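Remember, it's a predicted structure, so these values are computed and weren't measured experimentally. Numbering starts at 1 and runs along the sequence shown.
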Amino acid sequence: MTEHTAGPSFHADRIGDDEQQEFLVEVLDAQAALPGVRRLREWTRAALRIAAGDRALDIGSGTGSEVLAMARLAGPGGAAVGVDPNPGMLAEARARAAAAGIAAEFVEGSGYALPFPDDSFDAVRCERVFQHLDHPERATAEIARVLRPGGRVALVDSDWSTAIIHPGDPDVVAALLESWLSHTANRHSGRRLPGLLTAAGLTVDDIGADAVVWDRSFIDTMLTAGLDQAVAAGAVTLDQRDRFLSDLTRGAEVGDYHCSVTMFAVVAHLP
């Protein structure tokens, strides 16, 4: 695949060509395979207690993997729905559902204006979306609106102040993260989730966290793209980029390597 000069965008109005779409799918699949992400997803599924006959919603459903998991739990008497603003991602999710033989619905829409009536769902999940929202309080209000009384919600998001990249020049790490996150609306979203849910009238029941540790694939996907973006923005020089990648690659080869960010999961219910 051709090298990218910018990191992936999850904003519907910034989605590029087919190659960019392919890159987004590649990144999401790589993230889904990480042990920390798998653990948080298993934890939130258990906390949501989706049972046969329930209606479940995933906001920002991406490739649809969690919608399919919810559909299996809800069974033929229930329903699992994914909402995403990206038509290309919806097509990918529908194709994967068809290939798996699982009945699931995928709808184009925004977390700011969910295309469903009030009191529509027993369970709602939303993973790594709030960090991209300029007005997250509007999204939590929409979640509260579509939840049935007693319904459960699980929000999962990163807190980028916890990011660790080792080895490498700390100044380059700081410049990389600042450049990378300059267009991220809520880089500290993870810590804000309980307050947002409480302000929307929900009751927080539990909070979990996991330091999501990236393996060597991180260098080959998001990190390389992020460094190219930082070079293009003038945040780091080409020489700094090459030296930083060399240090990381050598560290990975000898076992002296660590890249992670802490993700938080908050579970709440509508009284």
Side-chain angles (χ1 to χ4, degrees), residues 7-11 24 27-28 30-48 57-63 65-66 83-85 110-112 123-144 147 152-166 173-174 176-215 218 221-223 226 258-270:
S9 172
F10 294 90
H11 289 268
L24 289 173
V27 168
L28 290 176
Q31 290 173 338
L34 296 173
V37 172
R38 293 203 307 268
R39 286 191 293 267
L40 276 180
R41 287 182 172 183
E42 290 168 2
W43 185 81
T44 54
R45 278 187 225 121
L48 285 174
L57 172 68
D58 187 19
I59 302 170
S61 51
T63 63
S65 58
E66 287 306 290
V83 169
D84 202 282
S110 164
Y112 291 146
V124 175
R125 75 178 301 278
C126 183
E127 179 185 321
R128 284 174 293 170
V129 170
F130 272 58
Q131 62 188 295
H132 302 295
L133 299 181
D134 296 311
H135 305 287
E137 68 284 352
R138 288 169 52 190
T140 46
E142 275 293 275
I143 289 171
L147 269 178
R152 290 87 59 197
V153 57
L155 299 185
V156 182
D157 220 329
S158 306
D159 197 303
W160 286 98
S161 65
T162 66
I164 299 171
I165 303 177
H166 169 84
V173 173
L176 166 64
L177 290 172
E178 183 59 34
S179 174
W180 201 352
L181 299 172
S182 61
H183 300 295
T184 299
N186 294 298
R187 65 181 68 183
H188 307 311
S189 178
R191 71 186 68 176
R192 298 188 60 202
L193 299 178
L196 288 165
L197 288 165
T198 301
L202 293 108
T203 299
V204 173
D205 299 309
D206 203 355
I207 300 174
D210 207 307
V212 177
V213 180
W214 282 88
D215 58 22
F218 181 67
T221 54
M222 292 186 70
L223 184 58
H258 180 92
C259 290
S260 70
V261 65
T262 301
M263 287 173 53
F264 294 89
V266 182
V267 177
H269 72 274
L270 184 67

Q: Give a yes or no answer on whether the side chain of Thr162 reaches the backbone of Thr262 with a donor-acceptor pair at less than 3.5 Å.
A: yes
Q. Can you name the closest pair of heavy atoms from Phe264 and Ala209 and give their distance?
A. CD2-CB, 3.6 Å
**Q.** Shortest non-hydrogen contact between His135 and Tyr112, atoms and distance
**A.** N-OH, 2.9 Å
Q: Give a yes or no answer on whether the side chain of Asp84 reaches the backbone of Gly62 with a donor-acceptor pair at less than 3.5 Å.
A: yes
Q) Do you know which two heavy atoms are closest between Leu202 and Ala144, and how far apart they sit? A) CD1-CB, 4.0 Å
Q) Which pairs count as salt bridge (charged side-chain N to carboxylate O under 4.0 Å, His left out) when at least one residue sits in residues 185-200, sequence neighbours excluded? A) Asp159-Arg191, Glu178-Arg187
Q. By side-chain contact (heavy atoms from CB on, under 4.5 Å), which residues pair with Leu34, not counting sequence neighbours?
A. Val37, Val212, Trp214
Q. Which value, rounded to the nearest 0.5 Å, describes the distance between Met263 atom CE and Gln31 atom CD?
A. 8.0 Å
Q: Would you please name every residue forming a side-chain contact (heavy atoms from CB on, under 4.5 Å) with Gln131, sequence neighbours left out?
A: Arg128, Asp157, Ser158, Trp160, Thr184, Ser189
Q. Residues in side-chain contact (heavy atoms from CB on, under 4.5 Å) with Ser65, at least two apart?
A. Arg41, Thr63
Q: Among Thr44, Thr140, Leu196, find the one that has a side-chain contact (heavy atoms from CB on, under 4.5 Å) with Leu155.
A: Thr140
Q: Please name all residues satisfying side-chain contact (heavy atoms from CB on, under 4.5 Å) with Val129, sequence neighbours left out, ordered by chain then number.
A: Cys126, Leu133
(Q) Quick check for you: to the nearest 0.5 Å, what is the distance between Leu193 atom CG and Thr198 atom OG1? (A) 10.5 Å
Q. Ignoring hydrogens and geometry, is there a side-chain-to-backbone donor-acceptor pair from Ser182 to Ser179 under 3.5 Å?
A. yes
**Q.** Ala265 versus Val156, closest heavy-atom pair with distance
**A.** CB-CG2, 3.9 Å
Q: Work out which heavy atom in Ala139 is nearest to a heavy atom in Phe130; give both atom names and the distance.
A: CB-CZ, 3.7 Å
Q.
Once salt bridge (charged side-chain N to carboxylate O under 4.0 Å, His left out) is applied, do any residues pair with Asp58, and if so which ones, sequence neighbours excluded?
A. Arg125
Q | Heavy-atom pair with the smallest gap, counting every atom of Ala123 and Leu48 | A | CB-CD2, 4.3 Å
Q) Roughly how far, to the nearest 0.5 Å, is the NE2 atom of His258 from the CG atom of Asp215? A) 12.5 Å
Q. Could you walk me through whether Asp210 and Trp43 pass the side-chain contact (heavy atoms from CB on, under 4.5 Å) check?
A. CA-CA 11 Å; Asp210 207 307; Trp43 185 81; over 6 Å; no
Q | Test side-chain contact (heavy atoms from CB on, under 4.5 Å) applied to Val124 and Leu147, Leu270, Val83, the passing residue | A | Leu147
